[in-house]
Protein chains: 2
Amino acid sequence: MAVTIKDIAKKVGVSPSTVSRVVNGNTLISKETRDKIFAAMKEMDYHPNSLARNLANGSTHTIGLVIDAQDDNTFSNAFFNRSVYAIETVLQQNGYNLLITNDREDKNCSPVEKLILEKRVDGVILPSSSVTQKLINLLQKNDFPFIILGEPEIEKDETSWVDVDNLLGGEMAAKHLLDQGYGSIAFILENQATIFARNRVQGYRKALDENGCKVHTDYIIDCKGNCEAAYGAVRELMSLQEKPDAVLCANNVIAYQVLRALRDSLISVPEDMAVMSFDNYPFAEYMDPPLSVVDVDTFRLGEQAATDLIKKIQNANYENKQTMIATELIFRESTKRKK
Amino acid sequence: MAVTIKDIAKKVGVSPSTVSRVVNGNTLISKETRDKIFAAMKEMDYHPNSLARNLANGSTHTIGLVIDAQDDNTFSNAFFNRSVYAIETVLQQNGYNLLITNDREDKNCSPVEKLILEKRVDGVILPSSSVTQKLINLLQKNDFPFIILGEPEIEKDETSWVDVDNLLGGEMAAKHLLDQGYGSIAFILENQATIFARNRVQGYRKALDENGCKVHTDYIIDCKGNCEAAYGAVRELMSLQEKPDAVLCANNVIAYQVLRALRDSLISVPEDMAVMSFDNYPFAEYMDPPLSVVDVDTFRLGEQAATDLIKKIQNANYENKQTMIATELIFRESTKRKK
DNA sequence: TTGTATGCGTTATCAT
DNA sequence: ATGATAACGCATACAA
């Protein structure tokens, strides 16, 4: 058996509660006995039993991070992983542990619901994709602290969330291309249906509008989840009467397909066509030519989420709050100024 | 306050212990009362309090996964993340939770030591890089179940670990190149000092030996952690009297630099020089030409680790065991047969 | 400043 | 088949 608070109480000749007070840094203790207790703790190699602590305090000092990985791809997502690193860092600094759980649908009770109902964690961070009305109801009914990673489709104003400022991202990318002298900008999307795609397109439209360019609907192409389709999309674009002189790609894989299609068509980048992408990972800088991108500091994303959640846990009245993390531009050869 | 075992005991008119038995699936209970209890549990929306359970049972049903991320790169490491996904999957299937902690050195007590000493977890998975004699001693002294991810430098035979079969990997890669008709194979390493690099080189040597090829020491170049140096390494190789006709690269970034250097020197791949790499991620298939690689199923790596750990936890006498996960070849254009 | 007593929610031992 | 009771290790309200 491990050494408990009682053991060291007996050794020093005080009561367990006195030891407990010392362990918890209660100041109303004579320096004399405190020192004796510390000495005994060290000598007997005492460490508080967190299980007992948790029960007595009714809290675990652990927060749950929910993942919605259908397959292992989500876990390989560098974008997401930097956020996780940030979350772990902030939690550790604040004395919290990080519990990660994949939200597989179980027969009766989902893993997330279990975490909450069985009080395994003090709060949760949810991806917007796993936000359901049922879950929100459960959380709110139990006054359970939570924060959402990504703008949710429902309950936007009644929840706290952190997201990338995708509208700004789309705007930034389009504006950069315009500034570089490209006036007819196509946009190849991964999946029109997602909220972040919608926001990016909105930003793109805004930039075009503000610069007096008309938005050519043929220029917006949806890969519908199949990024390989971007190859054919380029062919489509090149068969239009008014061809674009720049392509904005929703991610690195789409950009890769675009570059390949352009190369196969003997169209040079950026001379005949500028190419730009979102996200710096996994290989924008290793493309030929290296890609200019609009990226986001996902570390800050996770950091913000974790910080907000801790505040919520420690202050029940902490107001809901929505934060947008600003995007940034990384300028490389694929968008060199048009001559 | 949440509803407890007592509440439903009172409601049904039985003792708390009876309810506890039902919750735990004890069979020596009349079907009649069992049904009544189940009904009450449902009606009152009862969920067992894991904090109390943990204390009573002396276990948490949680395992700790230790990360040794100095920066956010480790977290972005797709290689590692697939293992994490596998670990989480296996744990969830077995009713365990996953706690992730970065092993930052703290003043007095490292986060990992805390997890163990405060009984926050029932077992730990450690990366070999964070295996120290001190930690091993602590674990062994406490009979604490653990398993190491990657062959450790110390206590190889007294611990359980799972690793990629890097010797096989090096052998497989070299043999593939030989089979394709390439007889003078260079090897550009990321960092000679690591145990996995040593094993890969050993496998490479073995394949050459077995095929009667002599190992040319000038052909083995160490980037000493700086992958950009691979660009210069190619120049070096091309200035040798006996030039190689194939280059084996320790990772994707080195391969990228090698391809770039070859392109700048107007050496075509694979006609004049075959190029091969380790690891399929993050962009081997998107290189020009697409790279042949020796890859490893890191899902299996994590799966094996988690499975072994659970066995250790559930059976204190479970013997130590070392497992090597076999590598596999992915054949692409960069090593097309030499004519 | 310190000790006593009680509770946190559950499990387990020993009864009956 | 079920109930009473103690125990898990710690925290805290109340006393002294």
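A note on names: the letters A, B, ... follow the listed sequences, proteins ahead of strands, and every chain is numbered from 1.
Ring-plane geometry between A:Phe299 and A:Tyr85 is classed as tilted, the angle between the planes lying from 30 to 60 degrees on a 0 to 90 degree scale.
Each salt bridge (Lys or Arg N to Asp or Glu O under 4.0 Å) pair with one or both residues in residues 4-20 of chain A, not counting sequence neighbours, appears once here: A:Lys11-A:Glu43. Sorted by first and then second residue, the salt bridge (Lys or Arg N to Asp or Glu O under 4.0 Å) pairs with a member in residues 305-320 of chain B read B:Asp308-B:Lys321; sequence neighbours excluded.
In this view, B:Asp45 and A:Lys141, B:His47 satisfy the side chain to side chain contact (heavy atoms under 4.5 Å, CB included) rule, not counting sequence neighbours. Annotation: side chain to side chain contact (heavy atoms under 4.5 Å, CB included) contacts of A:Thr159 (sequence neighbours excluded): A:Ile136, A:Phe146, A:Ile148, A:Pro152, A:Glu155, A:Trp161.
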For this session: Please test B:Arg104 against A:Glu88 for salt bridge (charged side-chain N to carboxylate O under 4.0 Å, His left out), starting from the C-alpha separation and ending with a verdict.
Result: CA-CA 11 Å; B:Arg104 297 177 182 81; A:Glu88 203 278 339; 3.0 Å; yes
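Checked for salt-bridge contact, B:Lys134 and B:Glu113 meet the test: a charged N lies under 4.0 Å from a carboxylate O.
Between B:Ile5 atom CD1 and D:dA4 atom C1' the separation is 15 Å, expressed in whole Å. For the pair B:Arg120 CZ and D:dC10 P, the computed distance is 13 Å after rounding to whole Å. Taking atom NZ of A:Lys6 as the reference point, atom C1' of D:dC8 lies 9 Å away to the nearest angstrom.
The stretch residues 31-61 of chain B touches DNA chain D through B:Thr33, B:Leu55, B:Ala56, each having a heavy atom within less than 4.0 Å of the strand. Listed by residue number, the members of residues 9-26 of chain B with any heavy atom below 4.0 angstrom from DNA chain D are B:Gly13, B:Val14, B:Ser15, B:Ser17, B:Thr18, B:Arg21.
For C:dC8, neither phosphate oxygen OP1 nor OP2 lies less than 4.0 angstrom from any side-chain nitrogen or oxygen of B:Thr4.
Residues A:Leu91 and A:Ile310 form a side-chain contact, since some pair of their non-hydrogen atoms from C-beta on lies under 4.5 Å apart.
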